[in-house]
Asker: 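I'd like to ask some things about the structure below.
We count ligands from 1, going down the list as the structure has it; atoms in each ligand are counted the same way.
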Amino acid sequence: MVENFGFQVLATDGLARRGEISMPRGTIRTPAFMPVGTGGTVKAMYMDQVRALGSDIILGNTYHLMLRPGAERVARLGGLHHFARWPHPILTDSGGFQVMSLAKLRKLDERGVTFRSHIDGSPYEMTPERSIEIQGLLDSDIQMQLDECTALPAKPSEIERAMELSLRWAERCKTAFGDQPGKAMFGIVQGGDIAALRIASAKALRQMDLKGYAIGGLAVGEPQPVMLDMLDITCPELPADKPRYLMGVGTPDDILKSVARGVDMFDCVMPTRAGRHGLAYTRRGKINLRNARHADDPRPLDEESDCPASRDYSRAYLHHLVRSQEALAAMLLTWNNLAYYQSLMQQIRDAIEAGNFAERAALITAGWARGDL
Ligand SMILES: CCCSCc1cc(N)cc2c(=O)[nH]c(N)nc12
């Protein structure tokens, strides 16, 4: 078991990187997809299943867990890993993004943000210091700085103000985090869709010599080309020997195109949320099991998959479960979707090692268009 946090680039293919993050609770193979476990659970999944699919790390959420069951309560009960029975690495978001998207009566200023819980309306304050304190109480392995993410489109002056505030909050988070050898605090690059602000944010964070860097402020409604342009601008400004995490991304296509630009870590609610809404990700594209055309289809989602949910159940049965709003629908489709995402990540890691990432990405993309759904 390693004592500290380490990142190694094992192979490159163009700008794509195959790496490993070493932490006391385990090794994270990159490029990595991190299933979202917002409230201490990857919805509709057992943690053993999440692990068996090849997940090396999951996400937790400061905002949700501070509201319910409470960070101090999780700490009293042994920390998030013990609470949720996930002994491997956990990355926690800092809470600012969720406050701005979920909480009520939000007031943001230099100090932090005050808000009322979307659950029961009780008042809270989130500061950089409190965010790091909560992530420490959760015993999070990779902690994110508190930041302000600007929804796009936005006025340049707004984007600049939020980016500069986020830099000051990064300094405060770094101070509050201190020196925790087996853990890491990542900075978050902001700057919206403005190249100069992205570069300024990345350069300033690089000066802070952090253990990893997230690219935030994307996957907030901008077209994919804009997101990719911002990656082309931002990644070269970040240290080559530190992990790069693109927050909230994305579809399988987003992931392929972002790996090709040097991104190492991803998280997205899509595979789990889609599973709860009757949607299946497969190597032949997305299938909406609510659609009546599946009512008599005896085929599984993917006869070649190792995942029982993909291989052993007919589309007709899955259609029936979805239409009947059975709990098993969400369970099987979430299982299938995470299995697909993790198999995609394994193909990506293998292709970078083999030096044929571009060819493999083209084949995967062609598979989605092959139809035969
Ligand atoms: C559990 C969810 C993690 S990712 C949430 C997220 C998603 C997206 N798209 C952007 C941001 C961002 O800019 N900052 C922060 N802290 N989080 C973001």
Asker: Give the atoms of ligand 1, by number and element, whose distance to some non-hydrogen atom of L59 is under 4.0 Å.
Answerer: 1 (C), 2 (C), 3 (C)
Asker: Given side chains that start at C-beta, do those of L338 and P271 come closer than 4.5 Å, heavy atoms only?
Answerer: yes
Asker: In this structure, does ligand 1 have an atom that sits under 4.0 Å from one of the heavy atoms of Q190?
Answerer: yes
Asker: Quick one: does F186 get a heavy atom under 4.0 Å from ligand 1?
Answerer: no
Asker: Does E171 pair with R168 as a salt bridge, N-O distance under 4.0 Å?
Answerer: no
Asker: What atoms in ligand 1 come closer than 4.0 Å to a heavy atom of L218?
Answerer: 8 (C), 9 (N), 10 (C)
Asker: Under the salt bridge (Lys or Arg N to Asp or Glu O under 4.0 Å) test against E304, which residue among R284, R283, R299 passes?
Answerer: R283
Asker: Please work out which of the three classes, parallel, tilted or perpendicular, describes the rings of Y317 and Y313, given edges at 30° and 60°.
Answerer: parallel
Asker: Any N/O of D147 closer than 3.5 Å to an N/O of ligand 1?
Answerer: yes
Asker: Taking atom types as modelled and ignoring hydrogens, do the side chains of N288 and H277 form a donor-acceptor contact shorter than 3.5 angstrom?
Answerer: no
Asker: Within the 3.5 Å criterion, strictly below it, is a donor on Y63 or H118 matched to an acceptor on the partner's side chain?
Answerer: yes
Asker: Do Y245 and Y213 have their ring centres less than 6.0 Å from each other?
Answerer: no
Asker: Identify the protein heavy atom lying closest to atom 4 (S) of ligand 1, giving its residue, its atom name and the separation to 0.1 Å.
Answerer: D267 OD1, 3.4 Å
Asker: Given Q98, M247, Q145, which has its nearest heavy atom closest to atom 2 (C) of ligand 1?
Answerer: Q98
Asker: Taking the non-hydrogen atoms of G96, is any one of them nearer than 4.0 angstrom to ligand 1?
Answerer: no
Asker: Taking the side chain as every heavy atom from C-beta outward, state whether V220 and E222 have any atom pair closer than 4.5 Å.
Answerer: yes
Asker: Could you tell me whether some N/O pair between G216 and ligand 1 is separated by less than 3.5 angstrom?
Answerer: no
Asker: Below 4.0 Å from ligand 1: does a non-hydrogen atom of N61 turn up there or not?
Answerer: yes
Asker: Has ligand 1 got any nitrogen or oxygen that is less than 3.5 angstrom from a nitrogen or oxygen of D93?
Answerer: yes
Asker: Check this for me - ligand 1, G217, N or O atoms closer than 3.5 angstrom, yes or no?
Answerer: yes
Asker: Would you confirm whether the ring centroid of Y124 sits within less than 6.0 angstrom of the ring centroid of F115?
Answerer: yes
Asker: Closer than 4.0 angstrom, basic N to acidic O: yes or no for E129 and R172?
Answerer: yes
Asker: With atoms numbered from 1 as shown, which atoms in ligand 1 lie under 4.0 angstrom from a non-hydrogen atom of I188?
Answerer: 16 (N)
Asker: Among all the protein's non-hydrogen atoms, which is closest to atom 10 (C) of ligand 1, and how far away is it?
Answerer: F97 CE1, 3.6 Å
Asker: Need the ligand 1 atom indices (1-based, order shown) with element for anything under 4.0 Å from a heavy-atom of Y245.
Answerer: 3 (C), 4 (S)
